[in-house]
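Worksheet: the structure to be examined is printed underneath.
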Amino acid sequence: CFFTGAAKLVVVIAIFLLTFYVISQVFEIKMDANLGHIFARSALDAAARSTKPPRHKCGISKACPEKHFAFKMSSGAANVVGPKICVEDNVLMSGVKNNVGRGINMALVNGKTGELLDTKFFDMWGGDVAPLIEFLKTIQDGTIVLMATYDDGATKLNDEARKLIAELGSTSITNLGFRDNWVFCGGKGIKTKSPFEQHIKNNKDTNKYEGWPEVVEMEGCIPQKQE
């Protein structure tokens, strides 16, 4: 009777140990599977990060060299979406910021530091050109000037206003017409014509929107003003 009880105890212990062993094996397998899944996901995430192209300031296509300011800008879209001006990853003017308007939109930036100095817009359809002329005359040497049209930026322009803008480095300002789209980046005291300018004429045969041409966009690197 004693041996029968002892045999039963041995069987119970053996079953317990076997059960524990099986459970531990299954648990370890699941642990290994979970760890493998985690490591696999980490490897995929790392690969995705390594293949994702780097983002540059203002979302431009390539990084600017040292002592240059990155910029990107676009004209307005018809009379619906306002223009946008970004410098050094800072959006200076946009519809979201609620500081753009019909006509010529202008941002002034310190040519040495890249710091925003002022933003203005001048209605060249229903407004007066005099405030634009007075503002252009106050711009200090060494200031970066960025301009973008919205809706119509030309109807009220006169020869004096066009001449002052041409002195900032613009070549297209003399031909800017009713509802043309135009973006420009120049500077006060510039000695040559600016390479940063895009202009699309309002033409009913080629317009993207009814009565307006397509949006013009431009990006680049502005040399920092040296002492």
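Distance alone, capped at 3.5 Å, places no donor-acceptor pair between the Thr143 side chain and the Val109 backbone. Looking only at distances, no side-chain donor or acceptor of Lys156 sits under 3.5 Å from a matching main-chain atom of Asp128. With Glu197 contributing its side chain and Ser172 its backbone, the two residues share a donor-acceptor pair below 3.5 Å.
Partners of Lys208 according to the salt bridge (charged side-chain N to carboxylate O under 4.0 Å, His left out) rule, which considers only residues two or more places apart in sequence or in another chain, do not exist here. For Asn202, the side chain to side chain donor-acceptor pair (under 3.5 Å) partners at least two apart in sequence or on another chain are Asn207. Taking Thr174 as the reference, nothing meets the side chain to side chain donor-acceptor pair (under 3.5 Å) condition, with sequence neighbours excluded.
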Problem set entry | Evaluation steps, ring pair (Phe, Tyr, Trp, His ring centres under 6.0 Å), between Phe196 and Phe184 | CA-CA 6 Å; Phe196 303 122; Phe184 163 70; 9.3 Å; no
For this session: Evaluate the side-chain contact (heavy atoms from CB on, under 4.5 Å) criterion for residues Trp182 and Met147: first the C-alpha distance (whole Å), next the side-chain angles of each, then the deciding distance (0.1 Å), finally the verdict.
Result: CA-CA 8 Å; Trp182 173 68; Met147 300 186 185; 3.6 Å; yes
For this session: Assess whether side-chain contact (heavy atoms from CB on, under 4.5 Å) is satisfied between Met106 and Leu136, documenting all intermediate values.
Result: CA-CA 10 Å; Met106 193 182 320; Leu136 289 169; 3.9 Å; yes
Exercise. Can you list the steps and then say if Asp180 with His199 is a side-chain hydrogen bond (donor to acceptor under 3.5 Å, both in side chains)?
Worked result: CA-CA 7 Å; Asp180 288 359; His199 177 209; 2.9 Å; yes
Exercise. Checking side-chain contact (heavy atoms from CB on, under 4.5 Å) for the pair Leu132/Leu157: CA distance, chi angles, key distance, verdict?
Worked result: CA-CA 9 Å; Leu132 171 62; Leu157 283 179; 3.7 Å; yes
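In the hydrophobic clustering of this structure, Leu146 does not group with Leu117; members are Ile, Leu, Val, Met, Phe, Trp, Tyr whose side-chain heavy atoms approach within less than 4.5 Å, directly or through other members. Linking ILVMFWY residues whenever their side-chain heavy atoms come closer than 4.5 Å, directly or via other members, places Val215 and Trp212 in the same cluster. A continuous path of hydrophobic side-chain contacts links Ile133 to Leu108 [ILVMFWY only; heavy atoms under 4.5 Å].
With rounding to the nearest 0.5 Å, the separation of CG in Asn181 from OG1 in Thr149 is 4.5 Å. Here the CE atom belonging to Met93 is positioned 9.0 Å from the CG atom belonging to Leu116, to the nearest 0.5 angstrom.
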Listing, residues 159-169 side-chain donor-acceptor contacts under 3.5 Å, not counting sequence neighbours, or none:
unit_1 : atom_1 : unit_2 : atom_2 : d
Glu160 : OE2    : Lys137 : NZ     : 3.1
Arg162 : NH1    : Ile173 : O      : 2.6
Arg162 : NH1    : Leu176 : O      : 3.1
Arg162 : NH2    : Leu176 : O      : 3.1
Lys163 : NZ     : Glu167 : OE2    : 2.6

Check residues 58-82 and write down every donor-acceptor pair under 3.5 Å in which the side-chain atom is one partner and the other belongs to a residue at least two apart or another chain.
unit_1 : atom_1 : unit_2 : atom_2 : d
Ser61  : OG     : Glu219 : OE2    : 2.6
His68  : ND1    : Glu66  : O      : 3.0
Ser75  : OG     : Val216 : N      : 3.1

Distance-only check: which donor-acceptor pairs under 3.5 Å involve side-chain atoms of residues 98-105, not counting sequence neighbours?
unit_1 : atom_1 : unit_2 : atom_2 : d
Asn99  : OD1    : Ser94  : N      : 3.1
Asn99  : ND2    : Leu92  : O      : 2.9
Arg102 : NE     : Asp123 : OD1    : 3.1
Arg102 : NE     : Asp123 : OD2    : 3.4
Arg102 : NH2    : Asp123 : OD2    : 2.9
Asn105 : OD1    : Gly101 : N      : 2.9
Asn105 : ND2    : Gly101 : O      : 2.9
Asn105 : ND2    : Ala148 : O      : 3.4

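Taking each heavy atom of Lys201 and Asn175 in turn, the nearest pair found is NZ-O, 2.9 Å. The shortest non-hydrogen separation linking Val145 to Lys188 is CG2-N, 4.5 Å. Scanning both residues, Thr138 and Glu134, for their nearest heavy atoms gives CG2-O, 3.2 Å.
Sorted pairs that involve residues 89-129 and meet disulfide (SG to SG under 2.5 Å), not counting sequence neighbours, are lacking altogether. Annotation: disulfide (SG to SG under 2.5 Å) contacts involving residues 146-177, sequence neighbours excluded, are absent. For residues 148-190, the set of pairs meeting the disulfide (SG to SG under 2.5 Å) definition, not counting sequence neighbours, is empty. Under the disulfide (SG to SG under 2.5 Å) criterion, no residue pair touches residues 109-156, with sequence neighbours excluded. Within the structure, salt bridge (charged side-chain N to carboxylate O under 4.0 Å, His left out) pairs that include any residue of residues 77-97 comprise Arg55-Asp89, Lys57-Glu88 (at least two apart or interchain). Among residues at least two apart or in separate chains, there is no salt bridge (charged side-chain N to carboxylate O under 4.0 Å, His left out) pair with a member in residues 143-153.
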